[in-house]
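Hydrogens, waters and symmetry mates are skipped; everything else that's a heavy atom, side chains included, is used. Residue numbering restarts at 1 for every chain, and letters A, B, ... go by the order of the sequence lines. Quick caveat: nothing in here was measured; it's all calculated off a predicted structure.
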Amino acid sequence: MSDSQTVSVTINGHVYTADCDPRLTLADFIRHKCGLTGTHLGCEHGVCGACTIMVDGRTARACLMLAVQVDGSTITTVEGLASGNELNPLQEAFWDNHGLQCGFCTSGMLMCATELLEENPDPSAEEVREGISGNLCRCTGYDSIVKSVLAAAEKMRS
Amino acid sequence: MTVIGERIPRSDGQSKVSGEAIYGVDYAEPGMIWGALLRSPVSSGRITRLDTTAAMAMPGVHAVLTAADAPDAYAGWVLRDQRLFAVDRVHFEGQPIAAVAADTLAQARAAAAAIDLEIEPLPAVVDLDHALSPDAPLVHPDWESFVPTAGPDFPRGGNLAAESISDPPGVDEAFARAHRVISDEFVAQRQYQAYIEPKSAVGIFRDGRYTIHTAHQFPYNVRDRVSQFLNVRPSAVRVVGHTIGGGFGAKLDASLEPYAALLSRAVRGLAVKLVNTRTEDLITCPSREGAITRLRSAVDAEGNIIARELEVIADNGAYSGEMPWLASIALHCARGVYRAGPTRVVARLVYTNTTPTGAFRGVNGTYLYHAVERHMDHIAAELGVDRLEYRLRHLFTDGEELLNGQVLDDAGILRQGFEAIEAAAPWAELQAEKRPYRGIGIGAAWWLTNPSAGTAVVKMHEDGTVAVVTAATDNGSGAVSMGVTQVVAERLGIPPADVHIALPDTDVAGFDGGSQGSRTTRIVGKASQIAADEVVEKLKNVAAGLLEAAAEDLEVAEGTVRVKGVPGKSMTLAEVAVTAMNTVGPIQGTGSFVTPFPDFNPGCATGLMLPSFPTPTYHVHLAEVEVDPVTGNVRVLRYLVAQEVGRVISPDGTYGQVMGAVTQGIGYALHESLRIGEDGRYRERTLESYRLPLAGDVPRVEFFPLEHPDPDGPFGAKGVGEGPVLLPAAVIANAVSDAIGKPFNQIPITPEEVLAAIQS
Ligand code: FES
Ligand code: FES
């Protein structure tokens with residue numbers, strides 16, 4: 001067993017400090033050490049995108065990173081999107097436009113779309129499709145997700 | 001104000017977009033420890049050494065269990081052919097051999113890996129045709145000792161896991177006088193359900209009973225399977241459901257649950273959680289079965305099909321699960337939706353040394369319709385008749401009598417489906433506009449709505465809202481979070497937000513047939529409607545005295561009980577509910593519902609375990625594709641669906657099912673490769689190599705709902721969710737064949753195959 005290391009990160013504005021095995025993935029750190037289960041694991045292999053989070057303002061796949069790599073970083077997970085109980089426009093739009101069914105991909109989709117709209121506040125439907133094409137959804141067939149992102153973009157621009 | 005057919009926010013939406021929803025894989029108990037399974041690395045072999053001593057001595061390990069620690073019991077949905085752990089022989093790669101419980105998941109996995117296991121490999125039965133040949137080794141030499149779970153035994157023997165044969169008179173005579181005979185063979189690969197949430201389970205042994213927490217489509221089936229494996233009566237098992245991250249049929253039978261239960265017992269009641277890795281999940285999932293379908297049609301000089309033969313050999317894998325029931329579906333799909341004279345149908349399900357197959361949305365239908373609709377194109381081409389024209393000429397009409405004697409009173413809806421497609425995409429225009437490497441495919445189907453029983457309790461709270469207690473589950477479709485919610489809200493005249501539907505718990509809610517076969521909105525909706533009607537009657541009776549009116553002059557609407565036609569004479573539901581506490585006691589209602597099987601002729605076939613299709617729906621699909629001659633990739637440019645739905649309860653839910661199912665069908669047709677090697681092991685083992693459709697792979701489906709309300713359904717609803725997956729493989733294969741001018745009779749259609757066809 002390797003020696004444990006102390007990791008301290010700011011997640012959704014709170015500082016979490018925990019001792020962890022150097023091989024602990026960031027996803028497991030977030031889910032098990034911090035109790036934030038909104039970040040989902042679909043493949044633990046970097047393929048599905050369900051575990052997408054923001055690390056220092058950029059999307060990252062939490063299953064592909066180690067907790068020790070993010071010591072001192074600032075992280076946003078799906079739980080950090082709403083202000084208190086108020087959903088943000090993207091979350092609202094996913095709910096309003098049936099952008100989810102089982103919802104297991106939704107956290108990752110929301111994080112991916114957050115970055116997409118930061119970079120391009122007025123995307124075309126094709127650009128949204130392209131932008132979410134690294135995230136798997138088995139339920140919806142994607143169309144309602146594209147619609148949700150476009151609706152959120154419109155709301156955020158106005 | 002009605003909420004039927006209106007868009008409503010799904011009741012689980014807030015928790016799903018905020019990350020608050022607790023999925024099965026998130027569920028935890030105080031003091032919980034972790035489990036892991038040692039699975040067979042080979043598909044066929046004899047266990048020559050199994051020593052757990054070293055594993056037991058690993059850090060954090062509480063228990064290591066093998067067959068020696070499990071009850072000597074056989075379990076199975078239809079046939080009791082499976083044991084909890086391999087005993088002596090292993091029959092498929094991934095089969096559990098031992099289970100470990102340890103403080104952490106990493107420790108449990110490390111200990112499982114440290115179990116000393118030696119297996120002497122034996123020849124694996126993999127090829128479907130060969131499995132039935134006399135020289136094939138038997139997957140289960142002891143097959144005769146297996147007992148059906150319920151009812152009499154069914155036709156089976158050796159590697160034949162089930163068989164259904166229909167041999168009506170006149171088939172051979174018609175072939176003898178045929179003007180021509182057209183034959184085809186079709187091969188379909190397996191398809192992995194690939195829900196994004198891997199399977200998991202938490203087991204707790206307490207007070208002499210087992211409690212299981214799992215995200216499951218059919219909690220009562222888990223209860224039954226755990227009780228069989230652990231050799232206890234069903235009521236000794238309680239199953240509590242959690243939010244499901246997709247299932248599509250793969251979460252209808254037990255998987256990790258009995259192991260979690262047994263491990264908890266071994267560690268004196270500590271909660272034990274098991275979670276599949278994605279590779280474990282993929283290699284052990286009851287995927288859609290691979291199949292070989294052979295079709296022969298006898299055609300007369302006028303182009304009528306005067307007789308047909310259909311033979312299908314489907315891969316059962318190493319254990320039967322639900323599969324024997326489904327073998328008779330071949331009889332119901334053998335003619336598709338076109339008249340074809342007397343038809344001989346031989347459906348065989350065969351044991352192989354591969355992962356047991358199971359239900360995937362549109363069970364059996366996807367490859368059967370692929371075969372039938374490809375065959376229709378072939379026949380039309382041989383006759384030199386336009387494919388659409390040929391279909392319309394032979395299409396079922398109202399009153400069509402099927403091979404099993406079932407009569408389809410409303411099959412004329414099929415023509416309306418073709419008309420809806422024609423209006424949006426006129427066939428002649430599509431043909432005229434055709435460019436090189438573009439193709440069009442069309443096809444049609446009929447399907448059932450699963451009839452299994454369901455029940456619900458609707459109870460009125462003193463604040464005028466209601467709770468619905470049911471063991472139904474929302475697999476994500478919205479059938480509970482919108483459909484059933486809307487039915488209850490409508491009946492009680494309250495906003496959908498005032499209807500709360502509990503997650504399933506088999507200790508609390510009555511039997512439910514599970515989230516399968518498009519049944520939930522219809523069956524559970526109907527049961528809830530009946531329960532709500534009882535609540536309405538009770539509300540009126542309580543309010544009658546207070547409003548000084550006869551109960552029959554009252555109505556329940558807009559959150560009140562009021563005297564019909566007398567404005568102002570009303571009470572809120574909350575007032576009535578509170579009053580009831582002092583007069584008749586709390587108000588609640590109960591409803592149960594099951595759809596009877598339509599009449600059929602029991603003598604029409606042997607092995608007819610699913611005898612007829614209740615609550616039929618009708619489906620017409622059209623696809624336009626473009627083939628890239630350089631890469632061999634196929635792009636679906638346009639996809640149209642016309643579908644009978646009874647009545648749209650939830651437009652978002654309905655369209656979501658259509659769009660999602662068609663996408664799975666496109667994946668089945670083009671992307672999803674789940675190959676089995678000669679060693680019986682899957683070649684694809686991760687979501688990287690098992691390629692699911694991505695956002696850029698699918699067009700927006702153009703959808704035309706056909707509404708012929710079913711008098712027995714809640715507000716007319718019929719099943720929706722399964723039908724749209726039946727035809728994408730059929731119409732895409734027809735479209736690709738049209739684009740290239742060569743037949744594509746295998747699923748999936750790979751770029752390599754496309755390039756080979758272009759170059760040949
Ligand atoms: S779980 Fe990280 S990409 Fe799938
Ligand atoms: S909503 Fe189920 S995976 Fe996307």
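- The number of heavy atoms from other shown groups lying within 6.0 Å of CD (A:E119) is above 12.
- Put simply, the side chain of A:W95 gets close to the backbone of B:R10: a donor and an acceptor are under 3.5 Å apart.
- Heavy-atom pairs under 4.5 Å with chain A were tallied for B:V662, B:L692, B:V701; the largest tally goes to B:L692.
- For B:Y23 and A:F104, the distance between ring centers is under 6.0 angstrom.
- Annotation for A:E154: atom CD does not count as buried by contact number, only 12 or fewer foreign heavy atoms lying within 6.0 Å.
- Contact of A:A82 with chain B is not made at all, since no heavy-atom distance falls under 4.5 Å.
- Contact of A:T140 with chain B is made through the backbone alone, with heavy-atom distances under 4.5 Å.
- Your options are A:G141, A:G80, A:G38, and the one with the most heavy-atom pairs under 4.5 Å with chain B is A:G141.
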*Going through the checks in order, is the salt bridge (Lys or Arg N to Asp or Glu O under 4.0 Å) test met by B:R700 and A:E126?*
CA-CA 12 Å; B:R700 178 176 167 81; A:E126 275 320 298; over 6 Å; no

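- Looking only at side-chain heavy atoms (C-beta outward), B:Q14 and A:Q91 stay at 4.5 Å or farther from each other.
- Remark: B:R278 CZ to A:L41 CG distance equals 10.5 Å, nearest 0.5 Å.
- Both the backbone and the side chain of A:V78 come within less than 4.5 Å of a heavy atom in chain B.
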*For side chain to side chain contact (heavy atoms under 4.5 Å, CB included), just list the numbers for A:R129 and B:V698, CA-CA rounded to whole Å, side-chain angles, deciding distance to a tenth of an Å, and then say yes or no.*
CA-CA 10 Å; A:R129 269 186 195 273; B:V698 285; 4.1 Å; yes

*asked:* B:D26 vs A:H40, test: side chain to side chain contact (heavy atoms under 4.5 Å, CB included). Steps then yes/no.
replied: CA-CA 9 Å; B:D26 300 326; A:H40 297 151; 4.3 Å; yes

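- Screening B:T277, B:T279, B:L687, B:T686 for a side chain to side chain contact (heavy atoms under 4.5 Å, CB included) with A:H45, the sole residue that qualifies is B:T686.
- The local environment of CD in A:E130 is sparse, with at most 12 non-hydrogen atoms from other residues, nucleotides or ligands closer than 6.0 Å.
- The candidate with the highest count of non-hydrogen atom pairs below 4.5 Å against chain A, out of B:S15, B:S18, B:A661, is B:S18.
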*Mind running side chain to side chain contact (heavy atoms under 4.5 Å, CB included) on B:Y195 and A:C139 for me, showing each step along the way?*
CA-CA 8 Å; B:Y195 34 82; A:C139 299; over 6 Å; no

*CA sep, side-chain torsions, deciding dist, call: A:D96, B:R7, salt bridge (Lys or Arg N to Asp or Glu O under 4.0 Å)*: CA-CA 9 Å; A:D96 287 350; B:R7 301 190 60 227; over 6 Å; no

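- If you take CG on A:D28 and CG on B:L105, they are separated by 8.0 Å, rounding to the nearest 0.5 Å.
- Both the backbone and the side chain of B:V25 come within contact range of chain A, judged by heavy atoms closer than 4.5 Å.
- Residue contact with chain B, scored on non-hydrogen atoms closer than 4.5 Å, involves the side chain of A:L110 exclusively.
- Both the backbone and the side chain of A:E79 come within less than 4.5 Å of a heavy atom in chain B.
- The minimum heavy-atom distance between A:G42 and B:P198, with the atom names listed, is O-CG, 4.1 Å.
- In terms of modelled atom types and a separation under 3.5 Å, the side chain of A:R138 and the main chain of B:Q193 share a donor-acceptor contact.
- Between the side chain of B:K16 and the backbone N or O of A:C102, at least one donor-acceptor pair lies under 3.5 Å.
- The contact between B:I196 and chain A is made by backbone and side chain atoms together, counting heavy-atom distances below 4.5 Å.
- Among A:L87, A:N88, A:L90, the residue making the largest number of heavy-atom pairs under 4.5 Å with chain B is A:L87.
- In this structure, B:D652 CG and A:N97 CG are separated by 8.0 Å, a value rounded to the nearest 0.5 Å.
- Chain A forms the most heavy-atom pairs under 4.5 Å with one residue out of B:S481, B:A215, B:P693, and that residue is B:P693.
- In this structure, B:D12 CG and A:L100 CG are separated by 7.0 Å, a value rounded to the nearest 0.5 Å.
- Atom CE in B:M659 sits 10.0 Å away from atom OH in A:Y142 (nearest 0.5 Å).
- To the nearest 0.5 Å, atoms CD (A:Q101) and CG (B:N475) are separated by 8.0 Å.
- With a 4.5 Å cut-off on non-hydrogen atoms, B:I22 touches chain A through its side chain but not through its backbone.
- Residues A:S144 and B:Y655 form no side-chain contact, since every pair of their non-hydrogen atoms from C-beta on lies 4.5 Å or further apart.
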